[in-house]
Amino acid sequence: MSKYYLNYLDELESEAIYILREVWAQFQNPVILFSGGKDSILVTHLAKKAFYPSKIPFPLLHVDTGHNFPETIQFRDDLIKELGVQLIVGSVQESIDTGRVAEEKGKNATRNALQITTLLDAIESNKIDCAIGGGRRDEEKARAKERFFSHRDDFGQWDPKNQRPELWNLLNGKHFEGEHFRAFPISNWTEMDVWNYIKREDIKIPSLYLAHQREVVWRNDSWIPVSEHLKLEEGEKTQTKKIRFRTLGDITITGGIESDADTLEKIVAEVAAMKQTERGNRSDDKRSETAMEDRKRQGYF
């Protein structure tokens with residue numbers, strides 16, 4: 001009797017699709033958290049596969065900080081038009097204008113943490129009971145603690161010591177009114193897995209991931225792109241470098257790396273030789289040893 005074996009990408013895909021279908025089966029009003037980065041693009045592609053030939057049956061939610069790469073916003077809008085799905089936008093600028101949050105000041109000011117309030121407000125106002133994210137366990141030690149179904153209390157907070165067991169692929173999405181879940185279908189993927197799958201499936205990605213000439217400044221041990229939101233300090237000089245970004249966030253905190261990888265094949269080869277995590281060039285993660293976990297406990301992605 002012949003046996004049929006899946007290769008490792010097929011296994012990861014199958015697992016992610018199973019989780020996405022479980023979300024749809026167990027929750028009333030789920031959304032995909034969409035940033036325009038490769039991981040949320042991958043989750044969206046997997047959702048498209050999971051429910052084909054129907055459209056993706058839930059909206060995409062983007063928390064717009066107002067400090068995005070223009071390329072990211074354009075990519076988001078083009079993809080929404082292509083998929084024909086609903087887009088929900090939570091505005092950090094609106095949260096600032098209404099006094100819900102206060103803008104940070106100083107050289108290393110960022111709107112990253114301000115997204116927490118905007119996200120939780122969007123979840124509450126839209127009665128969202130599950131937000132599907134593209135977090136992966138290999139990215140960062142706090143994200144390594146997440147389950148596939150991650151419970152959030154009625155304040156939107158996460159307790160890493162109070163996670164539900166997930167045995168035999170049984171996922172428990174039961175919750176009280178006011179609580180919600182985060183779901184992470186690609187938890188077991190690595191950065192290399194993501195790029196190999198993007199290459200195999202020929203998934204469109206923002207041009208920011210490919211090496212290109214850009215005006216940058218050296219800050220916090222990485223190349224920060226020059227933009228209208230970046231205030232140069234005394235002694236800082238801009239340079240034009242050929243760089244690419246391994247992860248995308250706010251334009252003010254996302255550091256690039258010098259690279260000649262301008263094709264998916266070259267990116268895969270480059271990532272294979274990397275020793276630093278992809279979030280190593282994110283200045284928001286350098287604030288403390290527990291920066292990510294502190295934000296996640298408060299309701300971050």
Side-chain angles (χ1 to χ4, degrees), residues 16-52 54-66 68 72-73 75-95 100 112 114-136 143 146-158 171-187 189 203 248-249 295-296 298-301:
I17 287 175
Y18 167 75
I19 293 162
L20 285 163
R21 289 173 176 168
E22 278 294 299
V23 169
W24 183 238
Q26 294 194 40
F27 296 96
Q28 298 298 314
N29 193 27
V31 298
I32 293 177
L33 296 173
F34 189 84
S35 67
K38 68 182 185 307
D39 297 319
S40 63
I41 292 169
L42 172 59
V43 170
T44 303
H45 176 83
L46 290 165
K48 182 180 175 181
K49 274 197 163 188
F51 301 103
Y52 182 83
S54 297
K55 291 182 180 179
I56 298 172
F58 30 75
L60 272 57
L61 170 60
H62 179 219
V63 177
D64 183 359
T65 65
N68 299 283
T72 304
I73 297 299
F75 185 92
R76 178 201 71 183
D77 293 344
D78 291 344
L79 183 63
I80 291 297
K81 184 177 180 181
E82 176 186 330
L83 295 175
V85 297
Q86 179 188 359
L87 174 66
I88 300 171
V89 178
S91 170
V92 172
Q93 185 61 55
E94 184 177 320
S95 298
R100 293 285 291 147
N112 193 269
L114 307 188
Q115 296 179 89
I116 297 171
T117 298
T118 306
L119 172 61
L120 295 180
D121 285 350
I123 287 173
E124 183 177 4
S125 62
N126 290 280
K127 295 182 171 52
I128 294 165
D129 55 1
C130 184
I132 306 164
R136 307 190 328 270
R143 287 185 166 167
E146 291 279 19
R147 299 285 197 267
F148 287 124
F149 275 19
S150 182
H151 176 262
R152 297 299 195 269
D153 64 22
D154 52 359
F155 293 102
Q157 296 179 333
W158 172 65
L171 305 175
N172 182 1
K174 293 183 179 179
H175 59 285
F176 293 107
E177 185 175 354
E179 300 176 343
H180 74 278
F181 272 76
R182 307 287 170 84
F184 300 101
I186 61 170
S187 287
W189 297 53
I203 300 172
L248 298 183
R295 295 198 304 273
K296 284 179 68 64
Q298 298 169 33
Y300 189 71
F301 303 98

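All values reported here derive from a predicted model rather than from experimental measurement.
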Heavy-atom nearest pair, T72 first then G36, reads CG2-CA, 3.8 Å

Shortest non-hydrogen contact from S40 toward S35
OG-N, 3.2 Å

Which atom of I128 lies closest to which atom of A122, heavy atoms considered
CD1-O, 3.9 Å

Rounded distance (nearest 0.5 Å) linking atom CG of L171 with atom OH of Y18:
5.0 Å

Can you tell me how far CG of N126 sits from CG of D121, rounded to the nearest 0.5 angstrom?
10.5 Å

State, with a plain yes or no, whether a side-chain heavy atom of L114 is found less than 4.5 Å away from one of T117.
no

Could you check whether any side-chain heavy atom of T118 comes within less than 4.5 Å of a side-chain heavy atom of T65, counting everything from C-beta outward?
no

Are V85 and I32 close enough that some pair of their side-chain heavy atoms sits under 4.5 Å apart?
no

Other residues, nucleotides, ligands: >12 heavy atoms within 6.0 Å of Q93 CD:
yes

Should I17 and K49 be marked as a side-chain contact (heavy atoms from CB on, under 4.5 Å) after you check the CA-CA gap, both sets of side-chain angles, and the distance that decides it?
CA-CA 8 Å; I17 287 175; K49 274 197 163 188; 4.1 Å; yes

Does the pair V89 and R76 meet the rule for a side-chain contact (heavy atoms from CB on, under 4.5 Å), with working shown?
CA-CA 11 Å; V89 178; R76 178 201 71 183; 4.0 Å; yes

Roughly how far, to the nearest 0.5 Å, is NE2 of H175 from CG of D154?
11.5 Å

Please indicate whether K55 has more than 12 foreign heavy atoms, meaning atoms of other residues, nucleotides or ligands, lying under 6.0 Å from its NZ.
no

Treating D64 as the side-chain partner and S91 as the backbone partner, does any N or O pair qualify as donor plus acceptor under 3.5 Å?
no

Nearest-0.5 Å distance, CG of residue L60 to CD1 of residue I132
9.0 Å

Side chains of I80 and F34 in contact at under 4.5 Å (non-hydrogen atoms):
no

Enter the distance from I88:CD1 to I123:CD1 here, rounded to the nearest 0.5 Å.
10.5 Å

In this structure, CD1 of I73 is separated from CG of D78 (nearest 0.5 Å) by 11.5 Å

Keeping the roles fixed (side chain from D129, backbone from Q28), state whether a donor-acceptor pair exists under 3.5 Å.
yes

Which atoms form the tightest heavy-atom contact between L248 and G37, and what is the distance?
CD1-CA, 4.3 Å

Look at the side chain of Q115 and the backbone N and O of N112, then say whether any donor-acceptor pair between them is shorter than 3.5 Å.
yes

For the residue pair W24 and F58, categorise the inter-ring angle as parallel (less than 30°), tilted (30 to 60°) or perpendicular (more than 60°).
tilted

Among R152, H151, K174, find the residue that satisfies the side chain to side chain donor-acceptor pair (under 3.5 Å) test when tested with E179.
H151

Grab the two heavy atoms, one from C130 and one from F27, that are nearest each other, plus how far apart they are.
CB-CG, 3.6 Å

Are the side chain of N29 and the backbone of K127 linked by a donor-acceptor contact shorter than 3.5 Å?
yes

Quick one, H180 with L120, criterion side-chain contact (heavy atoms from CB on, under 4.5 Å). Give me CA distance, side-chain angles, the key distance, then yes/no.
CA-CA 10 Å; H180 74 278; L120 295 180; 4.2 Å; yes

Closest contact, heavy atoms only, G133 versus P185:
O-CD, 3.4 Å

Measure the shortest side-chain to side-chain distance between R147 and F184 over non-hydrogen atoms and say whether it is less than 4.5 angstrom.
no

Steps toward side-chain contact (heavy atoms from CB on, under 4.5 Å) verdict (E22, F148)
CA-CA 11 Å; E22 278 294 299; F148 287 124; over 6 Å; no

Do F149 and Q26 have side chains that approach each other closer than 4.5 Å (heavy atoms only, starting at C-beta)?
yes

